[in-house]
There are 2 protein chains.
Amino acid sequence: MLNYSTSEENYIKAIYHLQKEGSVTTNELAAELQTRPASVTDMMKKLRTKKLVHYEAYKGFKLTIDGKKLALLIIRRHRLWEFFLAEKLKFSWDEVHAVAEDLEHVSSKKLIDKLDEFLGFPRYDPHGDPIPDANGKIETGKQVCLPDLPLNTTGIVCYVSDQSSAMLELLSHKKIGIGTKLEVKKKFSFDQSLEIKLRQQLATNISGDLAKNIFVKYDE
Amino acid sequence: MLNYSTSEENYIKAIYHLQKEGSVTTNELAAELQTRPASVTDMMKKLRTKKLVHYEAYKGFKLTIDGKKLALLIIRRHRLWEFFLAEKLKFSWDEVHAVAEDLEHVSSKKLIDKLDEFLGFPRYDPHGDPIPDANGKIETGKQVCLPDLPLNTTGIVCYVSDQSSAMLELLSHKKIGIGTKLEVKKKFSFDQSLEIKLRQQLATNISGDLAKNIFVKYDE
DNA sequence: TCTTTGTTTTAGATTTGTCTAAAAAATATT
DNA sequence: AATATTTTTTAGACAAATCTAAAACAAAGA
């Protein structure tokens, strides 16, 4: 894999994030990167000659296979550093992003793969976003704790952080386990309790304490 | 502390390393940084306006107080990352430098101070060079294991890595302890054994196995 | 001291990434 | 369909960091 400038990497990453589907426009990219449309056009020409984007004048851009690979590599670096900062250096949830923005451009492959190993091959960053593996494979969807599941979005329970018998007793009584599908219908700010829909039917209430320990996967 | 470009930081670091004493010349710096004398002159004018170096045309350069502070900060980052790479990511001794060259330019103060804490406030990097603390204080001298002590240079024993009773018995028999002054007079490649001078007088022989576990401080 | 040699600086060009302002193309409106 | 609006691209400029080639300066030798 060749080496790319910080600027090139930031463009590639931004296209990846915007390119949920369809292609990305000049103005969208300029807004995302806090830059001017003219700068975007300049950079797109360069990334086209490097075969990282498909681009024809006035027709928007899409990542090529190579561009997508590069994007996933940068995201891998970013999310591994975020995990490191939160887990090992005890940065708070909201501080990790800014620092990872810088660290993600350090390009040593060995560094990232060893960091991955050191961290125990984590699968999600501190925001619940999946971390691509060394081959660029990435899970679809996101993993968050139950209070962070958007309203009326189906999530699948995938992990429970507190494994005490008291916790497990409560869960089995409510018939919630790994793989259970659920939706959050309402959040009560008073006590952080949630009203959820279980297996497309039953409505139940869950305390804030319980909800914090339940992790679910969902598709954005 | 303001923010400086990677290039500016590399110049500052290079001046610090060359500026053992006296001032640094254009050609010296150009050689150190693998660049051209003309580029050095250009950069020196810039660093002068930023008050990081003292510089008059044709008279060489010296770091200002601020320049020295910045140099020590960069060296702190570099050596902490080296320690991290060797200690946590299990990079080998000779691989850490290149990667740390990139990491050292990530400028978050909080990152470095938290990394320092995470690593347990190490005092020496994997090459035995001292790590400046958060205030920019740095020890003079270097810490290495005995086989790496240059010939005919006085070192002071400061640490013994293997603390087994067999090891300590051998050391006390040879009257070597923390604080003992010694010099290496000869190294035998056949078995890595050393001939050393103890307390400015006695000559003794030390096996390679023993020598590897004895750490000494010395001034360069 | 004058001259030669070597070092350092200047002048001008290049590359990368950005910008502004104007032109061109695409899209929307009447 | 013709016109107005918005989007995108081009053209030309700029700052940072570098380079080459030439000029200026300093140091050393005759």
Side-chain angles (χ1 to χ4, degrees), chain A residues 1-16 18-19 22-63 67 70-71 74 101-102 104-107, chain B residues 1-16 18-19 22-63 67 70-71 74 101-102 104-107:
Chain A
M1 182 80 73
L2 286 174
N3 241 29
Y4 299 99
S5 74
T6 294
S7 198
E8 289 170 329
E9 290 191 350
N10 283 334
Y11 275 90
I12 290 295
K13 196 176 46 146
I15 297 171
Y16 182 91
L18 292 173
Q19 181 191 288
S23 60
V24 177
T25 70
T26 305
N27 273 357
E28 280 170 353
L29 244 192
E32 173 82 9
L33 289 167
Q34 310 256 59
T35 183
R36 300 292 168 169
S39 309
V40 172
T41 301
D42 288 346
M43 183 58 89
M44 287 309 111
K45 286 187 192 163
K46 207 218 278 189
L47 296 181
R48 176 175 55 189
T49 70
K50 297 194 176 185
K51 302 212 191 284
L52 295 172
V53 296
H54 296 295
Y55 163 53
E56 250 184 286
Y58 298 101
K59 296 205 173 150
F61 346 104
K62 263 183 99 162
L63 295 175
L70 176 58
I74 300 163
E101 285 289 295
D102 286 338
E104 75 186 6
H105 301 294
V106 175
S107 63
Chain B
M1 182 81 72
L2 286 173
N3 241 28
Y4 299 97
S5 72
T6 294
S7 197
E8 289 170 330
E9 291 190 350
N10 283 334
Y11 275 91
I12 291 295
K13 197 177 45 147
I15 296 170
Y16 182 91
L18 292 173
Q19 182 190 288
S23 59
V24 176
T25 70
T26 305
N27 272 358
E28 279 170 354
L29 245 191
E32 174 82 7
L33 290 166
Q34 310 256 60
T35 184
R36 299 294 168 166
S39 310
V40 172
T41 301
D42 289 345
M43 183 57 89
M44 287 308 109
K45 286 187 193 164
K46 206 217 279 189
L47 295 180
R48 176 176 55 189
T49 71
K50 298 196 176 185
K51 303 214 189 282
L52 294 172
V53 296
H54 296 295
Y55 162 52
E56 251 184 285
Y58 298 102
K59 297 204 173 151
F61 345 104
K62 260 182 100 161
L63 294 175
L70 177 58
I74 300 162
E101 284 289 296
D102 286 337
E104 74 186 5
H105 300 294
V106 175
S107 63

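A note on names: the letters A, B, ... follow the listed sequences, proteins ahead of strands, and every chain is numbered from 1.
When side chains are defined from C-beta on, B/Tyr55 does not count as touching B/Thr26, because their heavy atoms never get closer than 4.5 Å. A heavy-atom distance below 4.5 Å is not found between the side chains of A/Phe61 and A/Leu47. Residues B/Tyr16 and B/Leu70 form no side-chain contact, since every pair of their non-hydrogen atoms from C-beta on lies 4.5 Å or further apart. Side-chain contact between A/Ile74 and A/Tyr4: absent, with no pair of heavy atoms (C-beta onward) separated by less than 4.5 Å. For the pair A/Thr35/A/Met43, no side-chain contact is recorded, criterion being any heavy-atom separation below 4.5 Å from C-beta on.
With rounding to whole Å, A/Tyr4 atom OH is found 14 Å from C/dT16 atom P. For the pair A/Phe61 CZ and D/dT9 C1', the interatomic distance rounds to 11 Å; values are reported in whole Å. Rounded to whole angstrom, the span from the CG atom of A/Asn10 across to the C1' atom of C/dT18 amounts to 14 Å. Spacing between atom CE of A/Met43 and atom C1' of D/dT8 amounts to 17 Å, rounded to whole angstrom units. With rounding to whole Å, A/Leu47 atom CG is found 16 Å from D/dT9 atom C1'. Atom-to-atom, NZ of A/Lys59 to P of D/dT9 comes out at 12 Å; the value is rounded to the nearest Å. Rounded to whole angstrom, the span from the CD atom of B/Glu8 across to the P atom of D/dA16 amounts to 9 Å. In this structure, the CD atom of A/Glu9 is 16 Å from the P atom of C/dT16, given to the nearest Å.
The two residues B/His54 and B/Leu63 make their nearest non-hydrogen contact at CD2-O, 3.8 Å. The shortest heavy-atom contact between A/Lys59 and A/Ser23 is O-OG, 4.0 Å. When every heavy atom of A/Leu29 is checked against every heavy atom of A/Tyr11, the shortest pair comes out as CD1-CD2, 4.2 Å. Nearest heavy atom pair, residue B/Ala30 against residue B/Pro37, reads CB-N, 3.7 Å. Summarising the geometry of A/Lys50 relative to A/Glu8, their closest heavy-atom pair is NZ-OE2, 2.7 Å, with the distance given to 0.1 Å.
The stretch residues 28-36 of chain A comes close to DNA chain C through A/Thr35, A/Arg36, each having a heavy atom under 4.0 Å from the strand.
Residue B/Ser5 places none of its side-chain N or O atoms closer than 4.0 Å to OP1 or OP2 of D/dA16.
As judged by a 4.0 angstrom heavy-atom cut-off over every strand, A/Ser39 is placed among the base-contacting residues.
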Polar atoms only, N or O, under 3.5 Å: list the protein pairs with nucleotides 4-7 of chain C and their distances.
none

Identify the pairs formed between an N or O of the protein and an N or O of nucleotides 10-12 of chain C at a distance under 3.5 Å, and give each distance.
{"unit_1": "C/dT10", "atom_1": "OP2", "unit_2": "B/Lys45", "atom_2": "NZ", "d": "2.6"}

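Residues A/Asn10 and A/His105 have side chains that bring a donor and an acceptor to within less than 3.5 angstrom of each other.
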